[in-house]
Amino acid sequence: MPELPEVETIKRQLDVVLKGLRIERVKVINPKCFQGDQKQIEGQKVKKVSRRAKITFIELENGLYLAIHLKLTGQLIFRKKEEKEQKFCDQKEGPFAVCELPNKFTRVIIRFDKGNLFYNDLRMFGWIKIVKSLEEVGGEKLGPEAIDEKEFSFDYLKKVLAKTSRPVKIIIMDQQKIAGIGNIYANEALFKAGILPSRSSSSLKGLEIKKLRESIISVLKEAIEKKGTSDKDEAFRQITGEKGSFQNCLMVYGKAGEDCPGCKGKIKRISLGGRGTFFCEECQN
DNA sequence: TGATATGTTATCTT
DNA sequence: CAAGATAACATATC
């Protein structure tokens, strides 16, 4: 699902494509997904596109932002006006195929002078909000960015983990403590660090904390390079409609019953905090 | 048919 | 009151 690497991929691509374009009209097909008065942004030019945690911000020249959260199944697809041919069509068309746009899951269409930005969202958990600041979408509550090596320091992580005995996986997924990690990368980072997801946070030793931090940073950065994860059923697409490729690099996520890549054992699955949790009992402790 | 998937928040419990 | 746990949100898939 869209976590930091997926949103970063979208942010980078949108910044290139939208910068300087003018919003002509906003068509809200499903009002549940759009908050604010679209007249405030019609006619505005895009200054740049940025990201905080899993939220994308389209910054406009009048100082307003379009804040977008994709939640579980949101997609942002940009199609140039003259681009009739639909690229990156899935062989077998699932609910997340973007061959034809708009489709039945298109909730908002933002028409620019040079193309259309389609917001698709099957489950409609996600949203687009017109805001004046990050605070309006909870920005002040967020912890440091998980890929910010300065802010997300060893000392910071050590301090956060020392405060609680809850499972370490739950803590690293808590956006108020560290921003950007979701279920996929929490599982992957813990495997890479050799730490069981259920381990009490306060029981981690200095060396384990160091390894966990390094694993989080390296997994996220590699996933950004691979342009995110589009697993079997997954909604995530780049703004062209193309899938990401980090699903080919997953070690444990979604692999219950399969061989562990590090030993002879099998990947186990448990539920932690109501989320699927994947690990190897041999390699993680 | 019902269990399952997920990010965030609201709400309940300790 | 805060921390922690859990339900709710929507819907397609197996």
Side-chain angles (χ1 to χ4, degrees), chain A residues 1-8 10 29-35 51-56 67-76 90 92-98 103-108 119-129 131 134-143 145-146 159-189 197-202 220 223 228-237 244 246-247 250 252-257 267 269-278:
Chain A
M1 301 293 131
E3 303 179 27
L4 188 151
E6 288 76 28
V7 182
E8 177 67 18
I10 286 173
I29 297 162
N30 203 305
K32 187 183 182 291
C33 303
F34 192 93
Q35 293 173 39
R51 177 189 66 75
R52 175 76 171 100
K54 302 171 191 172
I55 305 172
T56 306
I68 304 164
H69 201 306
L70 301 170
K71 292 285 179 88
L72 307 185
T73 55
Q75 299 175 319
L76 282 171
D90 295 329
K92 53 172 190 182
E93 291 193 24
F96 302 119
V98 291
N103 62 29
K104 70 186 276 205
F105 304 118
T106 301
R107 311 300 181 185
V108 179
Y119 175 70
N120 302 337
D121 193 348
L122 184 149
R123 273 164 239 182
M124 292 196 289
F125 285 4
W127 41 255
I128 301 179
K129 297 180 188 180
V131 298
L134 299 197
E135 283 67 41
E136 288 179 58
V137 286
E140 84 286 357
K141 290 188 199 151
L142 293 167
E145 287 287 320
K159 197 180 74 191
V160 164
L161 294 177
K163 271 191 248 184
T164 176
S165 59
R166 297 169 76 200
V168 62
K169 175 164 178 265
I170 306 234
I171 302 310
I172 63 172
M173 288 175 67
D174 184 337
Q175 303 303 301
Q176 305 196 15
K177 298 187 171 65
I178 308 161
I181 306 168
N183 202 30
I184 295 174
Y185 300 108
N187 281 300
E188 294 298 312
S198 56
R199 273 283 292 284
S200 151
S201 293
S202 54
L220 292 176
T229 301
S230 305
D231 214 354
K232 297 161 199 146
D233 272 26
E234 292 223 39
F236 173 68
R237 295 298 145 102
F246 195 75
Q247 63 272 20
L250 294 174
V252 292
Y253 178 79
K255 299 198 180 290
I267 301 301
R269 181 196 186 280
I270 59 168
S271 182
L272 257 189
R275 296 291 173 252
T277 300
F278 303 87

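Chain letters run A, B, ... following the sequence lines, proteins first and then strands; every chain starts at 1. What you see is a predicted model; the values in this text were computed from it and never measured. These values consider heavy atoms only, across backbone and side chains, with no hydrogens, waters or symmetry-generated copies.
The shortest distance between the side-chain N/O atoms of A:Q175 and the OP1/OP2 oxygens of B:dG7 is not below 4.0 Å. At B:dT8, one or more side-chain N or O atoms of A:H69 fall inside 4.0 Å of OP1 or OP2 (strictly under the cut-off).
A straight line from CZ of A:R123 to P of C:dT13 spans 10 Å, rounded to a whole angstrom. In this structure, the CG atom of A:D174 is 11 Å from the P atom of B:dT9, given to the nearest Å. In this entry the distance linking CD1 of A:I171 with C1' of C:dG4 reads 9 Å, nearest Å. When the C1' atom of B:dG7 is taken as reference, atom CG of A:L122 falls 15 Å away, rounded to whole Å. Rounded to whole Å, atom P of B:dA10 lies 7 Å from atom NZ of A:K141. Look at NZ on A:K255: it is 16 Å from C1' on B:dA5, rounded to the nearest Å. Going from atom NZ of A:K71 over to atom P of B:dT9 covers 6 Å, rounded to whole Å. The interatomic distance linking A:F96 (CZ) with C:dT11 (P) rounds to 12 Å, in whole Å.
Summary of the strand contacts: A:T73 and A:V137 both lie near DNA chain B, and taking for each the nucleotide with the nearest heavy atom, the more 5' one is attributed to A:T73. Comparing A:R275 and A:I170, the nucleotide of DNA chain C nearest to each residue sits closer to the 5' end for A:I170. Position along DNA chain C of the nearest nucleotide to A:K32 versus A:R166 favours A:R166 as the more 5'-ward residue.
Note: A:Y253 and A:F278 have perpendicular aromatic rings, judged against thresholds of 30 and 60 degrees for the angle between ring planes.
Taking the 5.5 Å centre cut-off and the 30° plane limit, the aromatic side chain of A:F125 is not classed as stacked on B:dT8.
Of all the heavy atoms in A:L4 and A:A179, the pair that sits closest is CD1-O, 3.8 Å.
On the P atoms, B:dT8 is 23 Å away from C:dA12, given to the nearest whole Å.
With 3.5 Å as the limit, one finds a donor-acceptor pair spanning the side chains of A:K169 and A:T277.
Counting non-hydrogen atoms under 4.0 angstrom, A:F236 reaches nothing in the nucleic acid. As judged by a 4.0 angstrom heavy-atom cut-off over every strand, A:G126 is placed among residues making no nucleic acid contact.
For an aromatic pair to be called close, the ring centres must be under 6.0 Å apart, and A:Y119 with A:F105 fails this.
Here the nucleotide nearest the side chain of A:M124, chosen from C:dT11, B:dG7, C:dA12, is C:dT11. Of the listed nucleotides (C:dA12, C:dG4, B:dG7), C:dA12 has the atom at the smallest distance from the side chain of A:K104.
At least one donor-acceptor pair closer than 3.5 Å links the side chain of A:E3 to the backbone N or O of A:I184.
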